[in-house]
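Just below is one structure, and these are the notes that go with it.
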Amino acid sequence: MHLELGNIFINDVQFGSQTKVENKTLYVNKEELITLISEDEHLKSVDVELAKPGESIRITPVKDVIEPRVKVAGSGGIFPGVLTKVDTVGAGRTHVLKGAAVVTTGKVVGFQEGIIDMTGTGAEYTPFSKLNNVVLICQPVDDIKPHDHERALRMAGLKAAEYFGKAGKDIEPDEVLSFETLPLLKSIEKYPKLPKVAYVQMLQSQGLLHDTYVYGVDAKQTLPTLIKPTELMDGAIISGNCVSACDKNTTYHHLNNPIVQDLFKQHGKEINFVGVIITNENVFLADKQRSSNWTADLAEYLGVEGVVVSQEGFGNPDTDLIMNCKKIEEKGIKTVIVTDEYAGRNGASQSLADADPKADAVVTGGNANEVIKLPPMEKIIGDLSIVNTIAGGFDGSVQKDGSLVVELQTITGATNELGFNKLTAKGF
Amino acid sequence: MDKIIITNNKLVHQGYYEKVETLFLGDFTYLQVLELVRDKIHKGHKLLTHPLSGSVKPNETPFKSIIISKKQNVMSFADLSIIEESIASAKRFMGNQVTPAWSEKILNDFRIIDLSLIENGICNMYF
């Protein structure tokens, strides 16, 4: 399976009379977009704002971030099984508005989270401050059920991303990247001396505000399976996860999974990247047993020498992570796990809710309990009052001058467990 | 059914007490629910759902619902390890910041989330 990603660089976003891409600028026809998103009967009103890198803007509470993409050649469409038919994607050519994103904001429940600051200290912690963001502010109809509200916001973001993606369909990309996954036996034939490596991606799948969808199927109702890495780049996996802002995987993360990107970079050089196993993170321990058993069996069946395992979320998924790690190691396969930490404000406490001596190669996205101060912003998109009821916020989080004292866990993507963040550590 | 729901969430109690044996502890804190479950595990009940279900943090939500087996058998050390780690984790969060005094509307949102976490799959649990 071969996919070309055509990146169209976007350096600016502006409102205009027609939605189009011109001179590296995304022009947004606000009325047309609002009409499209307002089709959903669950939404009472829709507004659109723009937020660019360096502007004094705080967006909160952030639900999802989505990169606009469009299929130009090959079967299926972006977000298969959700916005388009369930055709298998991941082959042909896809155009990407690189540097642009759709951000959805809205208060599904009273305690909510997710901050993107476009400048200042907070901006350094989130990769989305570097993007030209089109922000959808959606107000639901009165007395809407949280499940319907979450779904309406999720669909609004995806529809907007698809809408903007289409503007890039006939644009010549600034760069074209090429990715190929061969059938397993051919891949082994091609690189007989390289160690075979797979990626195990764990998907949040626990319930309301904690869900992920694979080709439109709720991941908690799936069994671990194989998926080609290029399918992820075409939106085969989307986020319905609105909890744990710092370490949830937004749809943007799924489309740009850095572990997939890095494994591809080493493919054919140091390793033979043979594929991706996706598995879930359910509440029931029997589900955890079943899924980790299957995941380890699939890794063994592929005959890999090593796997990278990434987690999503806090607490309960720590157990899935350790089960996966332990069972895969017991098959004689080396593992590296990618997680983040809730190690207390001084970073001295135990980081995970589960552990095992076999988990001896760990990459961390950072300590989500770390306290930071965010300067006031001139403009708030969304609702700042919620910061006092935000995860990692606390009474008095909002200071008199509008600055915020919060834990890192409030910042969207700050300790992302795919490594899509900029935190690092220094040895002394 | 061969299971017991232990909960301090009235929505879970209202939704399930007629179908599943439910131990409703309306005045228990999140941590007290976990500690009671630990005691049950010591007595040989099996842990069926993860105590830290959901990514809502233990110092955010006051509500917790956990399912254990009705049958008692030899104590499972694996289950004991999970519940002890969960209690340690919850205490760590509460040491950072105690659970705020939420409005009734927000409390109800937390109840709905907790209910959603527990109801997914409860009907197709066969053991």
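Here is the naming used below: chain letters follow the sequence lines, and residue numbers restart at 1 for every chain. Reckoned from all heavy atoms, side chains included, excluding hydrogens, waters and symmetry mates. In this text, all values refer to a predicted model and were calculated from it rather than measured experimentally.
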For residues [X] and [Y], report the shortest heavy-atom separation together with the two atoms involved.
X	Y	answer
A:Gly315	B:Leu52	CA-CD1, 3.9 Å
A:Phe284	B:Ile118	CZ-O, 3.8 Å
A:His210	B:Gly54	NE2-CA, 3.4 Å
A:Asn316	B:Ser53	ND2-CA, 3.6 Å
A:Val283	B:Leu117	CG2-O, 3.6 Å
B:Ile113	A:Leu208	CD1-O, 3.9 Å

Review point. So which part of B:Ser55 gets closer than 4.5 Å to some heavy atom of chain A, the side chain, the backbone, both or neither?
Key: both
Exercise for review: Name the region of B:Leu115, side chain, backbone, both or neither, that has any atom closer than 4.5 Å to a heavy atom of chain A.
Suggested key: neither
Review point. For A:Gln350, does its backbone N or O pair with a side-chain atom of B:Arg92 as donor and acceptor, under 3.5 Å?
Key: yes
Review point. Parallel, tilted or perpendicular for A:Tyr342 and B:Phe93, by the 30°/60° rule?
Key: tilted
Check your understanding: Between A:Asp247, A:Asp318, A:Asn369, which has the largest tally of heavy atom pairs under 4.5 Å with chain B?
Key -> A:Asn369
Check your understanding: Side chain, backbone, both or neither: which part of A:Ser351 has an atom under 4.5 Å from a heavy atom of chain B?
Key -> backbone
